[in-house]
Amino acid sequence: MLQMFVLPALFICYMAFVVSCSEAQEHTAPAVYPQDSASVMVSHGINMQISDSGVIKYSVVAEQWDVNTARQPSRWEFTKGIYFEQFDEQFRVQANIQADTAWYYDQQRLWHLRGRVSIHNDNGLVYTSDELYWDGLKHEFYSNVFSRVVTPERTMEGTYFRSDEQMNHYVVSNSRGSFVASDIEDSDGAHSDASSPTGDNTENMPPREAPTRQR
């Protein structure tokens, strides 16, 4: 009699085990794409020098430096702020540059600075904006957002800005502000160039397109 109850019970347990195994699901993680890859190098407390043709041109200070070569285009990331000092041939500080966040696209030699961007040079010029590009191939700065330039002689504001690396010659278009006529008519190149206060500057060529940042 006992055997009559044991055999059906064993059969039921066996069937439950088979069903549970057949319904088991394979747990897999989502595919890993290049843009999801972690940085190949993360450094903290950075203080380094950047040279050009064997001459030190810049000093860079940053809290964190991430190098990511998996993303396209490859880039350096400074998500916790960055500070530059620019030197002349005698190693004297010509200007300092700082921003809340920065990306450097090494293949294009292009810096993208964002968040409380400011530049101070030894001529008393102060530049401020929320975004600025620094083209290492053309050796120039440019911005397509509101920018403010203050010098001992004048103040200018506009939605387009372009300048050489020394901030000696620059253009502000769609601008407003106060300045003297000699700044525009100066022919010896000693002063900065500026667009008219109406912003009608048809000679400005649009900057080359910046690489798209991938989150």
Side-chain angles (χ1 to χ4, degrees), residues 45-65 75-78 80-106 108-158 160-173 175 177-180 182-184 186-195 204-205 207-208 210:
I46 302 302
N47 191 337
M48 63 180 176
Q49 281 72 45
I50 299 177
S51 61
D52 186 2
S53 302
V55 179
I56 296 177
K57 292 294 185 68
Y58 306 97
S59 173
V60 180
V61 178
E63 182 178 341
Q64 182 173 318
W65 174 27
R75 79 284 308 271
W76 300 353
E77 300 177 351
F78 301 86
K80 296 186 177 181
I82 194 167
Y83 175 82
F84 299 87
E85 284 188 341
Q86 185 183 52
F87 305 109
D88 62 11
E89 292 77 5
Q90 285 74 41
F91 206 63
R92 295 174 299 194
V93 177
Q94 282 186 314
N96 62 70
I97 307 166
Q98 60 183 7
D100 290 340
T101 309
W103 296 266
Y104 177 68
Y105 302 94
D106 51 337
Q108 293 89 350
R109 294 183 61 186
L110 180 68
W111 286 94
H112 181 190
L113 310 175
R114 291 196 67 182
R116 293 187 296 181
V117 181
S118 66
I119 300 177
H120 297 70
N121 72 6
D122 56 359
N123 293 326
L125 179 145
V126 179
Y127 169 88
T128 54
S129 180
D130 287 331
E131 183 175 54
L132 182 69
Y133 291 94
W134 181 0
D135 192 326
L137 295 177
K138 295 183 178 180
H139 300 285
E140 66 179 14
F141 297 105
Y142 62 85
S143 177
N144 297 308
V145 302
F146 178 80
S147 300
R148 179 182 175 90
V149 178
V150 178
T151 71
E153 296 82 20
R154 62 182 176 176
T155 297
M156 296 192 67
E157 298 174 344
Y160 176 77
F161 172 81
R162 172 172 277 173
S163 170
D164 61 359
E165 286 182 334
Q166 289 72 40
M167 284 285 189
N168 290 328
H169 303 278
Y170 54 85
V171 173
V172 181
S173 65
S175 60
S178 59
F179 50 91
V180 295
S182 61
D183 289 325
I184 301 176
D186 182 17
S187 59
D188 59 8
H191 297 287
S192 302
D193 300 320
S195 65
N204 290 339
M205 297 296 292
R208 68 187 179 96

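A distance-only check finds a donor-acceptor pair linking the side chain of Thr151 to the backbone of Arg154 [under 3.5 Å].
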Checklist entry - Ile56 and Tyr58: side chain to side chain contact (heavy atoms under 4.5 Å, CB included), yes or no, with the steps? => result CA-CA 6 Å; Ile56 296 177; Tyr58 306 97; over 6 Å; no
Item to check | side chain to side chain contact (heavy atoms under 4.5 Å, CB included) between Val60 and Ile50, intermediate numbers included | outcome: CA-CA 8 Å; Val60 180; Ile50 299 177; 3.6 Å; yes
Next on the checklist: Working note: Glu165 + Gln86, criterion side chain to side chain contact (heavy atoms under 4.5 Å, CB included); need CA distance, chi angles, decisive distance, verdict.
Outcome noted: CA-CA 9 Å; Glu165 286 182 334; Gln86 185 183 52; 4.1 Å; yes
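Inter-residue side-chain proximity for Ser147 and Tyr127 is flagged as met; some heavy-atom pair is nearer than 4.5 Å. No side-chain heavy atom of Leu110 sits less than 4.5 Å from a side-chain heavy atom of Tyr104.
Residue Asn123 holds its CG atom at 5.5 Å from CG of Asn168, rounded to the nearest 0.5 Å. Atoms CD1 and OG1, from Ile119 and Thr128 in turn, are 10.0 Å apart once rounded to the nearest 0.5 Å.
Between Trp76 and Trp65, the ring center distance clears the sub-6.0 Å criterion. A distance of 6.0 Å or more separates the ring centres of Trp111 and Phe141.
For the residue pair His112 and Glu131, a side-chain donor N or O sits within less than 3.5 Å of a side-chain acceptor on the partner.
Scored by the salt bridge (charged side-chain N to carboxylate O under 4.0 Å, His left out) test, Asp100 finds Arg116 as partners (sequence neighbours excluded).
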